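A short write-up of the structure that comes next.
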Amino acid sequence: MPELPEVETITRYLRDGNAGLPGVLGRTILAADVLWERTIAEPGALEFIRRVSGQVVETVGRRAKYLVLRLTSDTLLVHLRMSGDLRVELEGGEGGAHDRVVFHLEGRLRLVFNDARKFGRMWLVNEPESVLGRLGPEPLGADFSAGAFFDLLRGHQRRLKPLLLDQCFLAGLGNIYTDESLHRAGLHPNRLASSLSPVEAQQLWAAIRLVLNEGIRNHGASIDWVYRGGDFQNTFRVYQRTGLPCPVCGTLIERRVVGQRGTHYCPVCQPEPG
DNA sequence: CACGAGACCTGTTCGC
DNA sequence: TGCGAACAGGTCTCGT
């Protein structure tokens, strides 16, 4: 479930608490279990466990799709990839089927990383920029202006869909929010970035920010069996709506593969480039 | 530089 | 009913 709004939702849950359970801010990590070694990208699993134990969670934040937990002397970065989830549980209960890493916290709590597909990764590093350094701008950042976005787009001879998914270009969009943003902006996924007019770039900029903010307001999207309680899926206009009417013009939504990703669009609201 | 294929993984759903 | 194919919210590496 993890694009920017879902990661932001989890960040807030971990920071402020959720569903009657407290957050992890200020808590000491007593110990950690690594149940799937490859989840730990850096350092090795043994050193990860040794080093993380005893550190206190000083801040909980987000950069793009990464959770950023500043600890006493290191930073813990978590990327949920396709199916990862992080939640606080009471110590003592049954473990989940796909728990990969468990942090035991003071106060009889644990922070559990659950990830059915095992794509998720975490890093324990001194210098977070070594992992986050190549990311593009935050789409909801105060310094991300429509004008700056137009300038970025102008420099790329790439189709919009794969470009918006490229985290070096813009950090945080995934398949859902890209499709929804392009529909809101009335732009075909195959449009060349450099072909956008300043007005079209401004419309895409506004659509991206609107859709992401809607997603956050709805606590993210919950689809399929990877459920986390968000509601944004109920407001999808094109994503996973193949064959259903476009809510704007009534034309049936189409699906095709663009840049190896399933892509949903309205053939009338989003005219294909010639 | 831009793009496609393949890899990493497990679980669900679809079509025959 | 059963079984394989297709598909899934992500990203990396490789070859053209």
Side-chain angles (χ1 to χ4, degrees), chain A residues 1-11 35-42 62-67 77-86 96-101 113-123 130-136 139 152-182 189-195 208 211-212 214-216 218-236 238-243 255-264 273:
Chain A
M1 60 158 299
E3 297 179 39
L4 188 155
E6 288 76 25
V7 179
E8 178 65 25
T9 299
I10 293 176
T11 299
L35 280 30
W36 181 254
E37 280 208 23
R38 298 197 59 178
T39 300
I40 311 299
E42 186 185 342
R62 176 191 63 75
R63 169 75 171 104
K65 300 177 194 171
Y66 292 81
L67 282 125
L77 302 169
V78 183
H79 198 301
L80 306 173
R81 293 281 175 92
M82 292 287 268
S83 59
D85 193 9
L86 262 181
H98 307 296
D99 292 352
R100 307 302 179 198
V101 178
F113 179 68
N114 185 280
D115 182 22
R117 289 179 71 181
K118 300 178 174 173
F119 287 164
R121 293 290 181 267
M122 53 182 80
W123 297 254
S130 65
V131 178
L132 308 177
R134 295 185 57 246
L135 289 169
L152 283 178
L153 288 165
R154 217 165 30 164
H156 289 275
Q157 295 285 116
R158 293 176 70 183
R159 295 171 300 169
L160 288 176
K161 169 85 184 208
L163 182 62
L164 292 176
L165 286 174
D166 184 341
Q167 303 297 297
C168 299
F169 175 75
L170 185 64
L173 289 183
N175 213 30
I176 294 176
Y177 295 88
T178 298
D179 282 4
E180 293 296 319
S181 297
L182 287 171
N190 277 346
R191 277 290 298 276
L192 226 47
S194 57
S195 78
I208 288 168
V211 164
L212 290 176
E214 276 291 282
I216 292 172
N218 288 280
H219 311 291
S222 313
I223 37 184
D224 300 340
W225 44 280
V226 185
Y227 178 73
R228 207 163 197 283
D231 294 316
F232 187 67
Q233 68 279 7
N234 299 323
T235 72
F236 287 173
V238 289
Y239 187 78
Q240 284 193 343
R241 298 194 70 252
T242 311
R255 177 191 185 278
R256 70 165 82 163
V257 175
V258 177
Q260 295 140 247
R261 306 301 302 274
T263 297
H264 315 76

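Worth saying up front: this structure is predicted, and the values here are computed from it rather than measured.
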>> So if I apply the side-chain hydrogen bond (donor to acceptor under 3.5 Å, both in side chains) rule between Lys161(A) and each of Asn190(A), Asn175(A), Thr178(A), which one comes out positive?
In response: Asn175(A)
>> As an exercise, state the distance from CZ of Arg63(A) to OG1 of Thr11(A), rounded to the nearest 0.5 Å.
In response: 13.0 Å
>> Under the rule for side-chain contact (heavy atoms from CB on, under 4.5 Å), what residues qualify as partners of Phe169(A), not counting sequence neighbours?
In response: Phe149(A), Leu152(A), Leu153(A), His156(A), Leu163(A), Leu164(A), Asp166(A)
> For Gly172(A), does its backbone N or O pair with a side-chain atom of Gln167(A) as donor and acceptor, under 3.5 Å?
Replying inline: yes
> Hey, does Gly259(A) reach any base, or is it just sugar-phosphate, or nothing, if we go heavy atoms under 4.0 Å?
Replying inline: sugar-phosphate
> So what does Arg134(A) touch, heavy atoms closer than 4.0 Å: a base, only the sugar-phosphate, or nothing?
Replying inline: nothing
> Angle class for the Tyr66(A)/His79(A) ring planes (parallel below 30°, perpendicular above 60°, tilted otherwise)?
Replying inline: perpendicular
>> If we ignore hydrogens and angles and just use 3.5 Å, is the side chain of Arg38(A) paired with the main-chain N or O of Phe119(A) as donor and acceptor?
In response: no
>> Could you tell me how far apart Arg256(A) (CZ) and dA6(C) (P) are, to the nearest whole angstrom?
In response: 20 Å
>> Let me spell it out: for each of Gln240(A) and Gln260(A), pick the nucleotide of DNA chain C with the closest heavy atom. Which residue's pick is nearer the 5' end?
In response: Gln240(A)
> Atom CZ of Arg117(A) to atom P of dC7(C): distance rounded to whole Å?
Replying inline: 13 Å
>> Counting only Watson-Crick pairs (N1-N3 plus N6-O4 or O6-N4) and G-U wobbles (N1-O2, O6-N3), all under 3.5 Å, who is the partner of dC9(B)?
In response: none
>> Assuming nearest nucleotide by heavy-atom distance, tell me which of Gly174(A) and Val257(A) is located more 5' along DNA chain C.
In response: Val257(A)
>> Using a 4.0 Å cut-off to any heavy atom of chain A, which nucleotides of DNA chain B are the first and last in contact, reading 5' to 3'?
In response: dA2(B) to dT12(B)
>> Atom CD of residue position Glu42(A) - does it have more than 12 heavy atoms of other residues, nucleotides or ligands inside 6.0 Å?
In response: yes
>> Between dA6(C) and dG6(B), how far apart are the two P atoms, rounded to whole Å?
In response: 13 Å
>> Which nucleotide, if any, forms a Watson-Crick or G-U wobble pair with dG9(C), using both distances under 3.5 Å?
In response: none
> Roughly how far apart, to the nearest Å, are dC7(C) and dA5(B) at atom P?
Replying inline: 13 Å
>> Applying a 4.0 Å non-hydrogen cut-off, can you work out what Tyr239(A) is touching in the nucleic acid: base, sugar-phosphate, or nothing?
In response: sugar-phosphate
> How is Arg121(A) classified with respect to the nucleic acid when contacts are heavy atoms under 4.0 Å: base, sugar-phosphate, or nothing?
Replying inline: nothing
>> If the cut-off is 4.0 Å, is Lys65(A) near the phosphate of dG9(C), judged by side-chain N/O to OP1 or OP2?
In response: no
> Using atom P of each nucleotide, how far apart are dA7(B) and dA5(C) to the nearest Å?
Replying inline: 15 Å
